[in-house]
**Student:** 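Encoded as structure tokens, here's the structure I'll be asking about.
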2 protein chains.
Amino acid sequence: MNQHTVTIEDVAAAAGVSVATVSRALRDLPNVAPSTREKVRAVAAELSYVSNPSASRLAAGRTGTVAVVVPVFDAWYFSSVVAGIEAVLKAVNVDLLLYAVGNEADRVSFFAGRGAWWQRSDALVMVDVALGEESAQRLASSGARIVTVSGETEHFSSVSLDEHAAAATATQHLIDRGHTRIGVLTGESLSAGFRVPLVRLEGFRHALRTAGLEVDPSLECSGNFSMEGGAEAMAALLDGPNPPTAVFAMSDEMAFGAIAEVRSRGLASPQDVAIIGFDDHQMAELMGLSTIRQPVETVGELAGKAVLATIQKTAAPISHQIVETQLMVRSTT
Amino acid sequence: MNQHTVTIEDVAAAAGVSVATVSRALRDLPNVAPSTREKVRAVAAELSYVSNPSASRLAAGRTGTVAVVVPVFDAWYFSSVVAGIEAVLKAVNVDLLLYAVGNEADRVSFFAGRGAWWQRSDALVMVDVALGEESAQRLASSGARIVTVSGETEHFSSVSLDEHAAAATATQHLIDRGHTRIGVLTGESLSAGFRVPLVRLEGFRHALRTAGLEVDPSLECSGNFSMEGGAEAMAALLDGPNPPTAVFAMSDEMAFGAIAEVRSRGLASPQDVAIIGFDDHQMAELMGLSTIRQPVETVGELAGKAVLATIQKTAAPISHQIVETQLMVRSTT
DNA sequence: TTGAAAGCGCTAACAA
DNA sequence: TTGTTAGCGCTTTCAA
């Protein structure tokens, strides 16, 4: 990618104007005579001029780029959210830098110092990545522009859902179906320190207590948010001394694993074990899985708009948006 | 993200050396006295110095960034490949810019001029995005560094699989099971002009002919590479005058849709209709779907390494890597 | 081994 | 409305 590159000076010379005028004309800034703007545009097109982003970033102090950090990328939820963000960024020609911080080492090095995205992007969207209070404070006071998805802090705008209520709704649905021994497939967070699984667990327990049911720790089993983990956790629950008649899986993928495990034992849902998931994964409908729908594309879209607000306005107010979830009753309950 | 930023000059001053020395010391270049290097490192750490990427890019003419373009990323295959690429780039601290060119307009504007990634990245990975011969030639001669996944050209390194053979293998498997009326769920490419679906179709037909079976266009139906499309295409086939007893779906997601359609009619696989997919999607095993496994993470990894080669070496030779596919026989056949 | 200095290509005062 | 010019922060010859 070398070749002789045509610069703003070449355009200026060819158009018979100064580089400043070329810069203004091409960026649609005011105070350029229409005829001049036209001529500059024509010459630029003729020469296939493309402004050098590194130079303009250095001079302007802006990158026109947003960084997005996720725990992993090859999971339905995350790639969907990123897709939503990308769509809104593309519309305003902002680039998207992607970082995955799957393990603790990645996470630490990503946030070390001012953060790996520092100066490479104007702002950061953190999707389901934990941000401790101290770090949040430090970043906020160092002027970082951040939007968090599912991880509200007082320092930055956020997009999230009412995890507690959603988990309670799922659990209540099982209770409404007459179940009294209800298990839960939990998971350590994909991102250390991330609280969502805990909040969902609290919502689950809360619903049980509210219904006068006992909270039995032996009915809580980690499925690690994966299909395999869900199958194993389901197996553990079914092999227990007093197996549940219904199970709430904190993710659809775990629920899929659970369904597979149930079927492999010649049992059926909901007859032998009712199952409800969380997400409304692309395949949930096909599997007939009852679940809590969360509008992933909307989450991405709102996060994208929020992050644009942080870089476009001066001092955009911090906003905390809550998206609605919806109980989807299908055939597994 | 303003605040006063510490620059290389601050470090130089504090360490009592020149900026050139700081630059060398921090980038591990030779010809720096060990003691000097140590001191510079210490001072830089003390000051929390981070070099400004825009400035270094401008000066060095390299971006340390790779762009990846996919048709969409909220699809299992693409997010998996991107994850594979990301992993190898992260290991060498190269940033990843992500672009989706889902529709023709995006595609055109992305490739207009020297391409949107021009000067924002050192090289580009194109995953399942069509690149016409003329464009390829133009880009190659303009010095673009590109790696294609599933879209071999003579101009750039590529990673792909033998689509023709893989499709034939899937079809042959159905033939081996004794089927003689075999349908296929095809799809327009997600990326206009992309030939993979056509090549798979040819492989399918080739297998039929080789087995002495007739090629019946009425048994070829587009499912658009989506679950819904797969279900609809399957319905169309089953409602035809002479329905197939087996079906090859060009993607697992279409196969899932087909399975759902079959089940919804009270039919079963493989008894009433055998189904084989293509991908070995995360959920294929759970669904008991026979399929052609393609090693997505490996594809991403190879593509990542290939693209690094294009920017690290001077004149890395063009390589065309073929990854192996594998027939996974499960319960739908 | 180290430093001086000339850019890299652009933006944004400020002047005209 | 347009031009002049001083940087933006770094890399990289070339000299010392």
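Hydrogens, waters and symmetry mates are skipped; everything else that's a heavy atom, side chains included, is used. Proteins get letters first, then strands, A, B, ... in listed order; numbering begins at 1 in each.
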**Student:** Would B/Arg41 and B/Asp28 pass as an ion pair if we require N to O under 4.0 Å?
**Tutor:**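 Salt bridge: yes.
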**Student:** Nearest to the A/Ser18 side chain among D/dC8, D/dT4, D/dT12, which nucleotide is it?
**Tutor:**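 In terms of side-chain proximity for A/Ser18, the closest of D/dC8, D/dT4, D/dT12 is D/dT4.
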**Student:** By the 4.0 Å heavy-atom rule, please label B/Arg37 as base, sugar-phosphate, or nothing.
**Tutor:**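 Nothing: the residue B/Arg37, judged by heavy atoms under 4.0 Å, touches no strand.
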**Student:** Please compare A/Val50 and B/Ala20 by the position of their nearest nucleotide in DNA chain C and report the one closer to 5'.
**Tutor:**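 Of the two residues, B/Ala20 wins.
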**Student:** Just to be sure I understand the rule, does A/Ala60 reach a base, reach only the sugar-phosphate, or reach nothing, if contact means heavy atoms closer than 4.0 Å?
**Tutor:**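 Sugar-phosphate, backbone atoms only, no base.
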**Student:** Specify the residue among A/Val6 and B/Pro34 whose closest nucleotide of DNA chain C lies further upstream toward the 5′ end.
**Tutor:**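 Taking each residue's closest nucleotide, the earlier one in sequence belongs to B/Pro34.
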**Student:** Among D/dG9, C/dA4, C/dT11, find the nucleotide with the atom closest to the side chain of A/Val19.
**Tutor:**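 Closest nucleotide among those given: C/dT11.
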**Student:** Under 4.0 Å from OP1 or OP2 of C/dA12: is there any side-chain N or O of A/Arg62 that close?
**Tutor:**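 Yes, A/Arg62 has a side-chain N/O under 4.0 Å of OP1/OP2 on C/dA12.
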**Student:** Using a cut-off of strictly less than 4.0 Å, decide whether B/Ser23 has a side-chain nitrogen or oxygen near OP1 or OP2 of D/dT11.
**Tutor:**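 Answer yes for this pair, as a side-chain N or O of B/Ser23 is under 4.0 Å from OP1 or OP2.
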**Student:** NA contact type, B/Ala33, heavy-atom cut-off 4.0 Å: base, sugar-phosphate, or nothing?
**Tutor:**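 Touches sugar-phosphate only.
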**Student:** Atom CD of A/Glu9 to atom C1' of C/dG7: distance rounded to whole Å?
**Tutor:**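 For the pair A/Glu9 CD and C/dG7 C1', the rounded distance is 11 Å.
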**Student:** Do B/Phe156 and B/Thr310 come close enough that some side-chain heavy atom pair is under 4.5 Å?
**Tutor:**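 In short, these two side chains do not touch, never coming nearer than 4.5 Å.
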**Student:** Any non-hydrogen side-chain atom of A/Ile311 less than 4.5 Å from a side-chain atom of A/Leu308?
**Tutor:**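 A side-chain contact exists here, since the closest heavy-atom pair is under 4.5 Å.
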**Student:** Please confirm whether the shortest side-chain N or O distance from A/Thr7 to OP1 or OP2 of C/dG9 is below 4.0 Å.
**Tutor:**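 It does not, given that no N or O in the side chain of A/Thr7 lies less than 4.0 Å from OP1 or OP2 of C/dG9.
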**Student:** Is the number of heavy atoms from other residues, nucleotides or ligands within 6.0 Å of CD (A/Glu46) greater than 12?
**Tutor:**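 Result for CD/A/Glu46: open.
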**Student:** Is there a side-chain contact between B/Arg27 and the phosphate of D/dT12, meaning an N or O under 4.0 Å from OP1 or OP2?
**Tutor:**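 It does, given that an N or O in the side chain of B/Arg27 lies less than 4.0 Å from OP1 or OP2 of D/dT12.
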**Student:** Between B/Arg120 (CZ) and C/dG9 (C1'), how many Å, whole number?
**Tutor:**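 Going from CZ in B/Arg120 over to C1' in C/dG9 covers 14 Å.
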**Student:** May I ask you to say what A/Ser54 touches in the nucleic acid, namely base, sugar-phosphate or nothing, with a heavy-atom cut-off under 4.0 Å?
**Tutor:**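 No contact.
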**Student:** Is any side-chain heavy atom of A/Val129 less than 4.5 Å from a side-chain heavy atom of A/Val101?
**Tutor:**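 SC-SC contact between A/Val129 and A/Val101 confirmed.
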**Student:** Look at the side-chain N and O atoms of A/Thr21 and state whether any lies under 4.0 Å from the OP1 or OP2 oxygen of D/dT2.
**Tutor:**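 No, because none of the side-chain N or O atoms of A/Thr21 sits under 4.0 Å from OP1 or OP2 of D/dT2.
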**Student:** Roughly how many Å is it from CD1 in A/Ile8 to P in C/dA12, rounded to a whole number?
**Tutor:**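 It works out to 11 Å between those atoms.
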**Student:** Side chain of A/Val17, heavy atoms from C-beta onward: which of C/dT2, D/dT11, D/dG3 has the nearest atom to it?
**Tutor:**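 The answer is D/dG3.
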**Student:** Whole angstroms only, please: what is the CG-P distance between A/Leu29 and D/dT2?
**Tutor:**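 Distance check: A/Leu29 CG to D/dT2 P gives 13 Å.
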**Student:** B/Thr36 side chain N/O closer than 4.0 Å to the phosphate oxygens (OP1, OP2) of C/dT2?
**Tutor:**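 Checking C/dT2 against B/Thr36, a side-chain N or O does come within under 4.0 Å of OP1 or OP2.
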**Student:** Hey, are B/Lys305 and B/Glu301 close enough for a salt bridge, meaning a charged N less than 4.0 Å from a carboxylate O?
**Tutor:**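 Salt bridge flag = yes for B/Glu301 with B/Lys305.
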**Student:** Just the rounded figure in Å: distance from P of D/dG9 to CG of B/Leu26.
**Tutor:**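 Roughly 16 Å, once rounded to whole Å.
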**Student:** Could you state the CG-C1' distance from B/Asn31 to D/dT11, rounded to the nearest angstrom?
**Tutor:**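 Whole-Å distance recorded here is 15 Å.
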**Student:** Quick check: any donor-acceptor pair below 3.5 Å linking the side-chain of A/Arg57 to the base of D/dG9?
**Tutor:**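 No such pair is found, so the answer is no.
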**Student:** Need one value for B/Asn52: base, sugar-phosphate or nothing, where a base atom within 4.0 Å counts as base even if backbone is also close, heavy atoms only.
**Tutor:**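 Contact class for B/Asn52: sugar-phosphate only.
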**Student:** Whole-Å distance between D/dC10 P and B/Arg24 CZ?
**Tutor:**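 Distance check: B/Arg24 CZ to D/dC10 P gives 15 Å.
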